[in-house]
> 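Please find one structure pasted underneath; my questions will follow.
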Amino acid sequence: MYVSSGCDNQYAESVIAKAGCTGVIDFASQNVPLALPGDSPEVSLAAADADKSGYLFRRSAYFFDKGGAYRLYYIPDEHEKNARAAVLSLLQAGISCGIDTQTEYPWIIPVICCCFAAFLCILSPHRFVFGLASVIPVFFSFCMPFYPGASAVCLLLYALFLMQQVWGRKNAFNFLITNIPVIFFTAASVVIAVMTSVTCGLLFIAAAAGSLSVVYLLWEAEHRRDIKYPFVPVQIRSAESVPFMTRRTVRSMAVCASFIMILIAVSLVSSDFSHSSSKQLQLPAAQRGGISDSFPSLDDYVLWCWNAESAPYRSINTSDYEAEKRKPKDGDTVRFPQYENSTGRINESSVVLKYDADFRKKTVAQIDNLTFPAIEKLMKKQGKAFRAGYAFSTPGGSGFAYLVLMIVSVCIPLFFFVYTYSQICRRSKNK
């Protein structure tokens with residue numbers, strides 16, 4: 001949940017608590033994340049060393065959007081309804097706020113792609129060929145559910161639909177590689193996907209290559225089957241001789257534009273009417289690539305704990321002090337004396353801190369013993385491989401740039417539809 005930074009934090013916390021939300025993790029509730037007494041030298045030195053390059057400073061990025069205009073409150077999933085009630089209360093008070101919906105998988109995106117693929121498959125004269133070729137692009141829409149990416153999938157599906165129009169005819173390959181609509185729709189889909197994101201573009205190129213490979217394998221399988229027979233019926237007219245852009249293909253082009261318009265409409269609706277402010281925010285989210293250095297990870301926390309727990313007992317005059325502070329090596333040890341009052345006598349014992357797998361495991365396990373709602377508990381819940389970066393606050397991607405990409409996508413079939421339909425009508429009048 002995000003609330004305008006201009007809102008008093010205590011007021012926001014009271015509204016959230018009044019709505020019934022418990023276990024909320026926010027910036028004000030953070031403390032030194034060590035499972036040690038507050039008056040211990042380790043905690044005192046760690047708090048004093050919270051500079052701008054340190055872990056304690058960097059973890060504050062989890063509590064603000066990228067522009068710093070909103071504070072973030074992490075609310076357990078079981079209190080989602082309560083969180084929405086808190087948002088409504090704050091909105092009624094004139095405070096800009098909302099709920100981050102990026103964790104909700106946007107099923108509508110792959111469903112739209114599936115519906116368009118099914119529509120084209122029904123119209124296709126070679127349903128088996130088109131059906132198999134469309135599986136990989138549709139699967140891509142499930143893996144990368146972004147609105148511009150789905151627009152690219154629609155363009156690619158239509159290009160595949162055009163390709164199977166000349167399936168089994170002589171010179172089909174040479175005809176297709178010089179056919180302007182096929183080339184344009186295929187190239188445009190790749191460009192749209194690449195401009196969505198680099199990762200999306202690379203995966204889309206792989207998906208498009210996979211679909212073309214399926215078409216080639218089907219053609220090769222059919223060819224190998226035919227050479228086994230002494231006589232095989234062939235279609236008389238070659239690919240160049242048959243009408244390519246028919247009324248059916250042109251109407252399908254209009255349907256392609258319609259499905260992309262549906263994607264645009266769903267994108268706008270999800271952005272404008274989802275308990276959110278009118279602004280598109282970039283909020284912390286789990287990422288597989290493009291990780292921001294602003295967000296510390298669980299590994300960074302373990303390194304910080306080692307430095308915090310060993311700092312009071314290491315000499316700052318040693319040559320390797322700074323190197324060990326930046327990145328300790330497995331096997332690094334710190335030894336210091338400890339004194340205890342036992343049976344009226346003060347006994348000395350030696351304590352050894354060793355940086356190894358056991359230390360890392362113990363440090364992560366002790367996160368559960370922290371007495372405050374620490375962000376480290378959320379990081380631990382996400383898993384060891386969790387890394388964070390900024391993402392838009394609405395599912396499927398959002399923002400002006402994405403909207404422009406979808407508008408460009410819909411203009412492509414609309415342009416070809418108007419041009420081709422006018423040519424067909426002109427030829428009909430001449431007859």
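As the structure is a computational prediction, the values presented were derived from the model and not from experiment. Along the sequence shown, residues are numbered consecutively beginning with 1.
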> I'd like to know if the side chain of T186 and the backbone of I183 have a donor-acceptor N/O pair within less than 3.5 Å.
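Checking the backbone N and O of I183 against the side chain of T186, no donor-acceptor pair under 3.5 Å is found.
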
> Given 3.5 Å as the limit, does a donor-acceptor pair link the side chain of D332 with the main chain of K329, or not?
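Yes: the side chain of D332 pairs with the backbone of K329.
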
> Please determine which of F417, Y158, F161, F415 meets the ring-ring contact (aromatic ring centres under 6.0 Å, His included) test together with F185.
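Per the ring-ring contact (aromatic ring centres under 6.0 Å, His included) rule, the option paired with F185 is Y158, out of F417, Y158, F161, F415.
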
> Might you work through the side-chain contact (heavy atoms from CB on, under 4.5 Å) test for I108 and I262, ending with a clear yes or no?
CA-CA 10 Å; I108 187 65; I262 293 174; over 6 Å; no

> Take atom NZ of K18 as the centre, draw a 6.0 Å sphere, and report whether it contains more than 12 heavy atoms from other residues, nucleotides or ligands.
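Not more than 12 within 6.0 Å, no.
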
> Salt bridge (charged side-chain N to carboxylate O under 4.0 Å, His left out), that's the test. Do R387 and D299 meet it? Break it down for me.
CA-CA 10 Å; R387 297 293 186 275; D299 291 336; 3.1 Å; yes

> Report, as yes or no, whether the 6.0 Å neighbourhood of atom CD on E220 holds more than 12 heavy atoms from other residues, nucleotides or ligands.
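It does: E220 CD has more than 12 such atoms within range.
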
> Do the non-hydrogen side-chain atoms of I412 and I260 ever get within less than 4.5 Å of each other?
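They are not in side-chain contact.
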
> To the nearest 0.5 Å, how far apart are CD1 in I95 and SG in C7?
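Between atom CD1 of I95 and atom SG of C7 there are 3.5 Å.
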
> Taking the side chain as every heavy atom from C-beta outward, state whether L155 and P413 have any atom pair closer than 4.5 Å.
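Yes, side chains in contact.
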
> Give every donor-acceptor pair under 3.5 Å between a side-chain atom in residues 132-146 and any protein atom, sequence neighbours left out.
residue: S134; atom: OG; partner: F130; partner atom: O; Å: 3.1
residue: S134; atom: OG; partner: G131; partner atom: O; Å: 3.0
residue: S141; atom: OG; partner: V138; partner atom: O; Å: 2.5

> Looking at every heavy atom in both A150 and I109, which two are closest together, and how far apart are they?
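So the two residues come closest at CB-CG2, 3.5 Å.
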
> Might you work through the side-chain contact (heavy atoms from CB on, under 4.5 Å) test for M163 and L212, ending with a clear yes or no?
CA-CA 10 Å; M163 291 179 190; L212 296 177; 3.9 Å; yes

> Assess whether side-chain contact (heavy atoms from CB on, under 4.5 Å) is satisfied between V87 and M1, documenting all intermediate values.
CA-CA 8 Å; V87 167; M1 175 177 169; 3.8 Å; yes

> Looking at K377 and L370, would you say the former's side chain and the latter's main chain have a donor-acceptor pair under 3.5 Å?
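Present.
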
> Using the ring of each side chain (for Trp, its six-membered ring), is W306 parallel, tilted or perpendicular to F359, with breaks at 30° and 60°?
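Perpendicular: the ring planes of W306 and F359 meet at over 60°.
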
> Could you pull out all residues at least two apart from V24 that satisfy side chain to side chain contact (heavy atoms under 4.5 Å, CB included)?
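Partners of V24 under the side chain to side chain contact (heavy atoms under 4.5 Å, CB included) test: I16, C21, Y73, I75.
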
> Just by modelled atom types, is the A374 backbone N or O under 3.5 Å from a matching donor or acceptor in the Q30 side chain?
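Not a single qualifying donor-acceptor pair exists.
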
> One pair to check against salt bridge (charged side-chain N to carboxylate O under 4.0 Å, His left out): R84 and E80. What are the steps and the verdict?
CA-CA 6 Å; R84 293 188 181 278; E80 181 180 354; 3.2 Å; yes

> Are the side chain of S124 and the backbone N or O of L120 linked by a donor-acceptor pair below 3.5 Å?
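Not at all, since once roles are kept as given, no pair shorter than 3.5 Å links the two residues.
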
> Within a strict 4.5 Å, meaning less than it, do heavy atoms of the P328 and L303 side chains meet?
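P328 vs L303: side chains touch.
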
> Would you mind checking if D300 and R59 are paired as a salt bridge, meaning a charged N to carboxylate O distance below 4.0 Å?
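Result for this pair is no, no salt bridge flagged.
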
> Any side-chain heavy atom of L283 sitting closer than 4.5 Å to one from K66?
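In short, these two side chains do not touch, never coming nearer than 4.5 Å.
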
> For R248, is there any backbone N or O sitting under 3.5 Å from a side-chain donor or acceptor partner on S252?
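Indeed, once roles are kept as given, a pair shorter than 3.5 Å links the two residues.
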
> Rounded to the nearest 0.5 Å, what separates atom OH in Y355 from atom OG1 in T363?
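It comes to 8.5 Å.
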
> Quick one: sort the F259 and F119 rings into parallel, tilted or perpendicular, breaks at 30° and 60°.
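Answer is tilted, since the angle falls between 30° and 60°.
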
> Look at the side chain of R71 and the backbone N and O of S5, then say whether any donor-acceptor pair between them is shorter than 3.5 Å.
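Pair found, side chain donor or acceptor close to backbone of S5.
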
> Do S89 side-chain atoms and A85 backbone N/O form a donor-acceptor pair below 3.5 Å?
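Present.
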
> Could you measure the distance from the CG atom of L263 to the SG atom of C113? Nearest 0.5 Å is fine.
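Here the interatomic distance stands at 6.0 Å.
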
> Any side-chain heavy-atom pair from F63 and I25 closer than 4.5 angstrom?
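Yes - at least one pair of side-chain heavy atoms lies under 4.5 Å apart.
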
> Under the rule for salt bridge (charged side-chain N to carboxylate O under 4.0 Å, His left out), what residues qualify as partners of D330, not counting sequence neighbours?
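Partners of D330 under the salt bridge (charged side-chain N to carboxylate O under 4.0 Å, His left out) test: R360.
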
> What distance separates M261 CE from C154 SG, expressed to the nearest 0.5 Å?
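Spacing of CE (M261) from SG (C154) equals 12.5 Å.
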
> I would like to know whether I264 and Y147 meet side-chain contact (heavy atoms from CB on, under 4.5 Å); could you show each step before the answer?
CA-CA 8 Å; I264 294 175; Y147 292 109; over 6 Å; no

> Using 30° and 60° as the class boundaries, would you call the ring planes of Y62 and F295 parallel, tilted or perpendicular?
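Ring orientation of Y62 relative to F295: perpendicular.
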
> If every non-hydrogen atom of S350 is compared with every non-hydrogen atom of R335, which pair is closest and at what distance?
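Closest heavy-atom pair between S350 and R335: OG-CG, 3.3 Å.
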
> Considering non-hydrogen atoms only, spot the tightest contact between N9 and A28 and give its length.
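So the two residues come closest at ND2-CB, 3.3 Å.
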
> What is the minimum heavy-atom distance between S297 and F386, and which atoms define it?
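In this case the closest contact between S297 and F386 is CB-O, 4.2 Å.
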
> What's the spacing between S189 OG and L157 CG if we round to 0.5 Å?
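Rounded to the nearest 0.5 Å, the OG-CG separation comes to 9.0 Å.
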
> Should the heavy atoms of other residues, nucleotides or ligands under 6.0 Å from CZ of F336 be counted, would the total exceed 12?
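Counting neighbours around CZ of F336, more than 12 heavy atoms of other residues, nucleotides or ligands fall under 6.0 Å, so yes.
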
> Write down the atom of V3, the atom of A12, and the distance for their closest heavy-atom approach.
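Minimum heavy-atom contact is CG1-CB, 4.4 Å.
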
> Are L162 and P181 packed together at the side-chain level, in the sense that at least one heavy-atom pair is separated by less than 4.5 angstrom?
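Answer yes - side chains close enough.
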
> Report yes if some heavy atom in the side chain of V334 is under 4.5 Å from a heavy atom in the side chain of V352; otherwise report no.
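Side chain of V334 against side chain of V352, heavy atoms only: no contact under 4.5 Å found.
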
> Taking the side chain as C-beta and beyond, is there a heavy-atom pair between Y74 and D26 under 4.5 Å?
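Counting from C-beta outward, Y74 and D26 never come under 4.5 Å.
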
> Please confirm whether the ring centroid of F64 lies under 6.0 Å from the ring centroid of Y2.
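Distance test on ring centres: not under 6.0 Å, no.
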
> Could you tell me the separation between the CG atom of L298 and the CD atom of Q382, rounded to the nearest 0.5 Å?
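Between atom CG of L298 and atom CD of Q382 there are 10.5 Å.
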
> So which heavy atom on L56 is nearest to which on A46, and how close?
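Looks like CD1-O, 3.6 Å.
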
> Could you tell me whether F372 atom CZ has more than 12 heavy atoms of other residues or ligands within 6.0 Å of it?
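Yes.
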
